[in-house]
Visitor: 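I am attaching a structure below and will ask some questions about it afterwards.
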Amino acid sequence: GAIVGDVFSLDLALPLALRRSEAGWSRVRLFWILHPYTPAWLVREVNAHAPEIEPIRGGLPALAEILVGSSADQGRS
C-alpha cells in the first residue's frame, strides 16, 4: 500500500508514526508530493529525520510513473 500527501502534516506524520511503531505498517510506502513553494528547510529536515518519506517532484504524473514502475517490478518477481 501507499499513502500520498502534498504537505508534511497529519496526512504523512500519522502514517509515519504508525510505520515506525506498528509491524503491519512496515511495508506502506509514504510519498510526499513537493511543490515549488515547499520550503527548502522542510525538505532538508524531512530527508534528514524521516528517510521513510519518498519525496516526489513533478506532481501526480511523476507519482503515477513511480507507482506503475513499482507495480511492474513486483510483477516480475
Side-chain angles (χ1 to χ4, degrees):
I3 295 179
V4 179
D6 68 340
V7 294
F8 193 81
S9 63
L10 193 57
D11 60 343
L12 286 171
L14 177 59
L16 175 61
L18 289 169
R19 181 176 161 159
R20 289 178 171 178
S21 64
E22 302 289 331
W25 283 76
S26 65
R27 296 185 63 200
V28 174
R29 293 179 73 181
L30 305 173
F31 295 103
W32 180 25
I33 297 178
L34 301 177
H35 297 281
Y37 52 82
T38 302
W41 66 265
L42 184 56
V43 175
R44 283 191 306 272
E45 291 298 315
V46 170
N47 286 339
H49 301 289
E52 304 93 335
I53 302 291
E54 300 179 51
I56 305 295
R57 294 189 188 276
L60 291 175
L63 175 66
E65 286 182 29
I66 290 169
L67 292 176
V68 169
S70 176
S71 295
D73 291 343
Q74 288 178 3
R76 291 185 205 137
S77 15

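Hydrogens, waters and symmetry mates are skipped; everything else that's a heavy atom, side chains included, is used.
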Visitor: Would you say that Asp11 contacts Ile3 through its side chain, given a criterion of any heavy-atom pair below 4.5 Å between the two side chains?
Guide: no
Visitor: Quick one, Leu16 with Glu52, criterion side chain to side chain contact (heavy atoms under 4.5 Å, CB included). Give me CA distance, side-chain angles, the key distance, then yes/no.
Guide: CA-CA 7 Å; Leu16 175 61; Glu52 304 93 335; 3.5 Å; yes
Visitor: Between Ser21 (side chain only) and Ala17 (backbone N and O only), is there a donor and an acceptor less than 3.5 Å apart?
Guide: yes
Visitor: Between Ile56 and Leu34, is there a side-chain heavy-atom distance shorter than 4.5 Å?
Guide: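 Answer no - side chains too far apart.
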Visitor: Evaluate side chain to side chain contact (heavy atoms under 4.5 Å, CB included) for Asp6 paired with His35, printing each intermediate quantity in order.
Guide: CA-CA 8 Å; Asp6 68 340; His35 297 281; 3.4 Å; yes
Visitor: Group every Ile, Leu, Val, Met, Phe, Trp and Tyr by side-chain heavy-atom contacts under 4.5 Å, then state whether Val46 and Leu63 land in the same group.
Guide: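 Per the 4.5 Å side-chain linkage, Val46 and Leu63 are not co-clustered.
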Visitor: Glu65: what forms a salt bridge (Lys or Arg N to Asp or Glu O under 4.0 Å) with it, not counting sequence neighbours?
Guide: none
Visitor: Is it the case that atom CZ in Arg57 sees more than 12 heavy atoms from other parts of the structure closer than 6.0 Å?
Guide: no
Visitor: Does some side-chain heavy atom of Ile53 sit less than 4.5 Å from a side-chain heavy atom of Phe31?
Guide: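 A side-chain contact is absent here, since even the closest heavy-atom pair is not under 4.5 Å.
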Visitor: Same hydrophobic cluster for Val7 and Trp41, using side-chain heavy-atom links shorter than 4.5 Å among ILVMFWY?
Guide: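 No, no single cluster joins them.
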Visitor: When you measure from the side chain of Arg19 to the backbone of Val28, do you find a donor-acceptor pair of N or O atoms at a distance under 3.5 Å?
Guide: yes
Visitor: Verify the cluster assignment for Leu12 and Trp25: are they in a single hydrophobic cluster under the rule of side-chain heavy atoms below 4.5 Å apart?
Guide: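 Result: yes, single cluster for both.
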Visitor: Mind checking whether Ile33 and Phe8 sit in one hydrophobic cluster, side chains of I, L, V, M, F, W, Y counted as touching below 4.5 Å?
Guide: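 Different clusters.
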Visitor: Please examine the side chains of Asn47 and Pro55, heavy atoms only from C-beta on, and report whether any two atoms are closer than 4.5 Å.
Guide: yes
Visitor: Hey, what do you get for CD (Glu22) to CZ (Arg20), rounding to the nearest 0.5 Å?
Guide: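 If I round to the nearest 0.5 Å, the distance is 14.0 Å.
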Visitor: Treat each ILVMFWY residue as a node, draw an edge where side-chain heavy atoms are under 4.5 Å apart, and state whether Leu10 and Trp32 are in one component.
Guide: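 Per the 4.5 Å side-chain linkage, Leu10 and Trp32 are co-clustered.
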